[in-house]
Protein chains: 2
Amino acid sequence: MREKPVQKQVFSRFLKERGQRFTKERSAILEKTMSRNGHFDPETLYIEIRKAGAKASRASVYRTISLLCECGLIEQVRKTEHGTVYERSFGHEHHDHMLCIGCGSAIEFYSDKLERLQEDLCRQQGFQGTTHTLEIRGYCRKCQKKKKQT
Amino acid sequence: MREKPVQKQVFSRFLKERGQRFTKERSAILEKTMSRNGHFDPETLYIEIRKAGAKASRASVYRTISLLCECGLIEQVRKTEHGTVYERSFGHEHHDHMLCIGCGSAIEFYSDKLERLQEDLCRQQGFQGTTHTLEIRGYCRKCQKKKKQT
DNA sequence: ATTGTAATTGAGACTCATTATCAATTAAAC
DNA sequence: GTTTAATTGATAATGAGTCTCAATTACAAT
């Protein structure tokens, strides 16, 4: 796994500005977070970190995830009955999701039309929109086939 | 508060089909649910029911909310750090929400363009979409003013 | 390098929403 | 009315996430 010094810089600057420290625990969590491609939840991240031999407690994982959200390196995707799902946002353009009811898989997509629509809608309502999340639920290709077979 | 016999019929039929019973607890919870206009969470509903003098335990409230979701009379709006938020869907057309970061208030809106956009997006991805949720976060009129004053 | 000091860590206690348990109750079919 | 399986509710259990606090440590100043 290649180093990602840019992200370390972003994070350590963010911390320094607030008089906070860039510890090895935070560094390990940052690294594992940034090496992840898809969605993840704190517990899974914690287990991966332990497996990788790094030392960081569950508490630190939660605390660091919080910080990473604040400085914009990751963001919350959604809350589920099994906990909160996050994803890397650094080097990962804004997008929305389609979520398969059948298998839980997620498709990412981006739509310029949607971005413009958000602006229109906000104008109509006198609302100052900053971000949005669109989640489309349904069936992915695979699960559509499975359904036909039954 | 007027009676809403249609919803009772829907619910009791739904239950009968599944060999389940239409108890007074379920009836009380249904009624309180249907008399609500905005968003609500299970705990608030439970407290209201107790205040109204009806008898239903917290456990029954949770269990019945689950049933009401299954039969389509209410639906989950979102999960927050303070629990799950629901809203009546019976006699309440589909819509999406703008959520104020400042005060937590919610604006409901409906957009035909958005509905058509969902269809387009799904076609593009070979996804069979059934429902969606669009949540736009930002500042409502009041909170925009407050921010200016500071 | 050493020191001083405030930030951080981690183990475990705690919170709070939600679910499971199970004996007692009850709807509703006969 | 009897029967019987579904339901209820008090309470225990679960599980994600947060808090506590003594021990540790980053880091700025000397």
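Bear in mind the structure is a predicted one, so any value in this text is a computation, not a measurement. Each chain gets a letter, A, B and so on, in the order its sequence line appears, and its residues count up from 1. Below, each value reflects all heavy atoms present in this structure, side chains not excepted, and no hydrogens, waters or symmetry copies.
- For R26(B), a side-chain nitrogen or oxygen approaches OP1 or OP2 of dT7(D) to under 4.0 Å.
- Candidate nucleotides dA11(C), dT18(C), dA6(D) were compared by shortest atom distance to the side chain of Q20(B), and dA6(D) ranks first.
- The interatomic distance linking Y46(A) (OH) with dG17(D) (P) rounds to 15 Å, in whole Å.
- Relative orientation of the F14(B) and F11(B) rings is parallel, given thresholds of 30° and 60° on the angle between their planes.
- Atom CG of L15(A) and atom C1' of dA26(D) are 12 Å apart (whole Å).
- A cation-pi arrangement is present between K147(A) and Y139(A) under the rule of less than 6.0 angstrom and at most 45 degrees off the ring axis.
- Nucleic acid contact for R63(B): base, since at least one base atom lies under 4.0 Å from a heavy atom of the residue.
- Counting to the nearest Å, the P atom of dG17(D) and the CZ atom of R58(A) are 11 Å from each other.
- Between the P atom of dT7(D) and the CD atom of E25(B) lies a distance of 11 Å, rounded to the nearest Å.
- In this structure, of dA28(D), dG9(D), dT25(D), it is dG9(D) that holds the atom nearest to the side chain of S60(B).
- In this structure, a donor-acceptor pair under 3.5 Å is present between the side chains of H95(A) and E87(A).
- For the pair R21(A) CZ and dA28(D) C1', the interatomic distance rounds to 10 Å; values are reported in whole Å.
- We find that CD1 of I65(A) is positioned 17 Å from P of dT8(C), with the value rounded to whole Å.
- Among the heavy atoms of the strands, none lies under 4.0 Å from K79(B).
- For dT18(C), one of the phosphate oxygens OP1 or OP2 lies less than 4.0 angstrom from a side-chain nitrogen or oxygen of T84(B).
- When the nearest nucleotides of DNA chain C are assigned to T64(A) and Y62(B) by heavy-atom distance, the more 5′-ward of the two goes with T64(A).
- Nucleotide dA17(C) holds its C1' atom 12 Å from the NE2 atom of H82(B), rounded to whole Å.
- If you find the closest nucleotide of DNA chain D to K55(A) and to P42(A), the one lying nearer the 5' end belongs to P42(A).
- When the P atom of dA16(D) is taken as reference, atom CG of D41(A) falls 8 Å away, rounded to whole Å.
- Aromatic ring centres of H132(A) and H94(A) lie closer together than 6.0 Å.
- In the model, Y62(B) has no side-chain atom that pairs as donor or acceptor with a side-chain atom of R58(B) under 3.5 Å.
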